[in-house]
Amino acid sequence: MHSISYYQEKMGNHFSQIVSNKEPKNLYEPIEYILSLGGKRMRPVLTLMASEVFNVDCEKAIPAATAVEVFHNFSLIHDDIMDDAPLRRGNQTVHEKWDLNTGILSGDAMLILAYQFFENYEPKTFQNLAKLFSKTALEVCEGQQYDVDFELRDDVTIPEYLKMIEYKTAVLVGAAMKMGAIVAETSDENADLIYDFGLNLGIAFQLQDDYLDAFGNPETFGKQVGGDIIENKKTYLYLKAIEFSKPEEKQQLLHLFSIQPSDNNDKIESVKAIFNTSGASEATKKAIQDFTYKAFETLEKMDIETEKKAILKAFGENLMGRNV
C-alpha cells in the first residue's frame, strides 16, 4: 500500500486532464475550475486505498475514484447555489464566477460524467458500481433536503440529525471505500464491512466538524469559527445543549438562535458558554469517539492482513486526531 500523499498526487494529476480542451468551453471550464480547487480529495483517496487493502493495484480503481470525486464536486456546485455561497475553498463559487445557469448546467454535466467513468469496467463490476452509486447519490440528495427542512423546524431530534449527516456526508465516504472493494472483487462481506467502516468514520468526521466549527483554532480551521452559530444551525452541539440545559439556559439558547445581531462575537461566546456548561461539548466529543470506535470494530471482522487493519486504523486515528 502507498501513502495518502501518493494517492492524492495520483488523483490530482488525473483531474488536471479529464475535461481539458472539451467543447463547449462554457460547459467544461467551470468543471475544470471546481476540480482544480483541490481540497484533501479524501473520498477518491479512500477508493484507491480500499482497492489496495484487497490486493489490487490502485490504478484499476482510478475511474471509480474519479466518479466519486466528480459527483462530490457536482453536489458542492449545487449546494453553493442553494446556499447562495460566495466562496468555496477560499475561491469564488462557480455560480459567482460564471452565473447561475452555468452552475446548474455544469453541475448536471458532472453527474452524467461521473456515471461515464464506470464504463471502464467489465459488465458485472459496472453494474455493482452503478447500483451502489445510484443509491448513494439519492441518499445525498435526501440528506440535503433534510438539512434544508431542519432550518425551518424547532423540534429536530438527535436521531433525525444523525440520519441527516449520515445521508448528506457519511454515505459517500462509505461508498467510496466500497467501490474500491468492488473493483478489487473481494467478498460481499468484506465490501459491506469496509462500507460500514467508512460510514461510521464519516459520521464521526462530521460531528467533529460541528465541534471544531465552535471550538476550533481560527488560524488553522480553514473556515470561520462560529459560522454554524451565526447561521443558527441546529448541530449536534446545539441539540445536546437544548437537551441538557437548565430552563433558563435553554430559553437563552433559543433566543440566541432566533436573532441575527450586527456583531456576532457576543452571540458566539454566549452560545459556546452554554455548550460547555450544559455538558453538550463533552457529549459531542464522546459521540465522536463512539462512532470512531464503531468504525474500528468493523476492522476486526474484515478478512484482511493484520498490517492492513493497522493502516486503516491509523488513517482513521489521523483523520479524527485533527485538533485545529
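Note that the numbering runs from 1 along the sequence shown for the chain.
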For a quick test of reading the model, state the closest non-hydrogen atom pair linking [X] to [Y] and the distance between them.
X: Gly316; Y: Leu201; answer: CA-CD2, 3.8 Å
X: Phe54; Y: Ala184; answer: CB-CB, 3.6 Å
X: Ala204; Y: Thr292; answer: CB-OG1, 3.5 Å
X: Tyr115; Y: Ala130; answer: CE2-O, 4.4 Å
X: Ala50; Y: Gly180; answer: CB-CA, 4.0 Å
X: Asp147; Y: Lys168; answer: OD2-NZ, 2.6 Å

Answer yes or no: is there a donor N or O on one side and an acceptor on the other, between the side chain of [X] and the main chain of [Y], under 3.5 Å?
X: Lys309; Y: Met302; result: yes
X: Asn91; Y: Arg89; result: yes
X: Asn318; Y: Ala314; result: no
X: Ser134; Y: Lys131; result: no
X: Asp80; Y: Thr93; result: no
X: Asn120; Y: Phe117; result: yes
X: Thr284; Y: Tyr211; result: no
X: Ser106; Y: Gly103; result: no
X: Thr169; Y: Glu166; result: no
X: Gln206; Y: Gly202; result: no

Are the side chains of [Y] and [X] in contact, using a 4.5 Å heavy-atom criterion?
X: Cys141; Y: Tyr167; answer: no
X: Asp213; Y: Thr235; answer: no
X: Arg43; Y: Phe71; answer: no
X: Leu162; Y: Phe291; answer: yes

Next on the checklist: Applying salt bridge (Lys or Arg N to Asp or Glu O under 4.0 Å), can you list everything that pairs with Glu305, at least two apart in sequence or on another chain?
Outcome noted: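 Residues passing salt bridge (Lys or Arg N to Asp or Glu O under 4.0 Å) with Glu305: Lys308.
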Checklist entry - For Glu160, what residues pass the salt bridge (Lys or Arg N to Asp or Glu O under 4.0 Å) criterion, not counting sequence neighbours? => result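 So Glu160 forms a salt bridge (Lys or Arg N to Asp or Glu O under 4.0 Å) with Arg153.
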Next on the checklist: Going by side chain to side chain contact (heavy atoms under 4.5 Å, CB included), Val53 matches just one of Ile304, Asn190, Thr186, Leu46. Which one?
Outcome noted: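 Among Ile304, Asn190, Thr186, Leu46, the one meeting side chain to side chain contact (heavy atoms under 4.5 Å, CB included) with Val53 is Ile304.
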Checklist entry - Are Lys233 and Glu151 close enough, and set up right, to give a salt bridge (Lys or Arg N to Asp or Glu O under 4.0 Å), and what steps lead you there? => result CA-CA 7 Å; Lys233 284 202 168 182; Glu151 290 176 17; 5.6 Å; no
Measure the acute angle between the ring planes of [X] and [Y], then classify it against the limits of 30° and 60° as parallel, tilted or perpendicular.
X: Tyr33; Y: Trp98; result: perpendicular
X: Tyr236; Y: Tyr161; result: tilted
X: Phe133; Y: Phe118; result: perpendicular
X: Tyr7; Y: His2; result: perpendicular

Does [X] have any side chain to side chain contact (heavy atoms under 4.5 Å, CB included) partners at least two apart in sequence or in another chain, and if so, which?
X: Lys286; value: Asp290
X: Asp84; value: His95, Glu96
X: Ile311; value: Met1
X: Asn276; value: Phe215, Ser281

Item to check | Distance, nearest 0.5 Å, that separates CE of Met49 from CE of Met177 | outcome: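 If I round to the nearest 0.5 Å, the distance is 6.0 Å.
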Return each pair, listed once, that meets salt bridge (charged side-chain N to carboxylate O under 4.0 Å, His left out) where at least one residue sits in [range]; pairs must be two or more places apart or across chains.
range: residues 272-282; result: Glu269-Lys272, Glu282-Lys285
range: residues 169-195; result: Lys60-Glu185, Lys178-Asp192
range: residues 97-108; result: none

Does [X] have more than 12 heavy atoms from other residues, nucleotides or ligands lying within 6.0 Å of its [atom1]?
X: Lys25; atom1: NZ; result: yes
X: Asn21; atom1: CG; result: no
X: Asp303; atom1: CG; result: no

Kindly work out whether a path of hydrophobic side-chain contacts (I/L/V/M/F/W/Y, heavy atoms less than 4.5 Å apart) joins [X] to [Y].
X: Tyr195; Y: Met42; answer: yes
X: Leu212; Y: Phe205; answer: yes
X: Leu76; Y: Ile165; answer: no
X: Ile81; Y: Val148; answer: no
X: Leu37; Y: Leu87; answer: no

Checklist entry - Who passes ring pair (Phe, Tyr, Trp, His ring centres under 6.0 Å) against Tyr293, sequence neighbours left out? => result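 Here no residue qualifies.
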Anything under 3.5 Å between a donor and an acceptor, one on a side chain of residues 260-267, the other on a protein residue two or more places apart or in another chain? List them.
| residue | atom | partner | partner atom | Å |
| --- | --- | --- | --- | --- |
| Gln260 | NE2 | Ile230 | O | 3.3 |
| Asp263 | OD1 | Asn265 | N | 3.2 |
| Lys267 | NZ | Ile229 | O | 3.3 |
| Lys267 | NZ | Asn232 | OD1 | 2.6 |
| Lys267 | NZ | Leu256 | O | 3.1 |
| Lys267 | NZ | Ile259 | O | 2.9 |

Identify every side-chain donor-acceptor pair in residues 241-252 under 3.5 Å, counting partners at least two apart or on other chains, and give the distances.
| residue | atom | partner | partner atom | Å |
| --- | --- | --- | --- | --- |
| Glu243 | OE1 | Lys240 | NZ | 3.3 |
| Ser245 | OG | Ala241 | O | 2.5 |
| Glu249 | OE2 | Thr277 | OG1 | 2.7 |

Next on the checklist: For a side-chain contact (heavy atoms from CB on, under 4.5 Å) check, start with the C-alpha distance between Leu129 and Thr125, then their side-chain angles and the critical distance, and finish with the verdict.
Outcome noted: CA-CA 6 Å; Leu129 288 169; Thr125 302; 3.8 Å; yes
Next on the checklist: Test side-chain contact (heavy atoms from CB on, under 4.5 Å) on Met110 and Ile34; report intermediate values, then the result.
Outcome noted: CA-CA 11 Å; Met110 288 179 83; Ile34 187 79; 3.8 Å; yes
Item to check | NZ or CZ of Lys234 within 45° of Phe150 ring axis and under 6.0 Å | outcome: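 No, Lys234 does not lie over the aromatic ring of Phe150.
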Item to check | From CA spacing to verdict: side-chain contact (heavy atoms from CB on, under 4.5 Å), Leu239, Thr157 | outcome: CA-CA 7 Å; Leu239 295 173; Thr157 65; over 6 Å; no
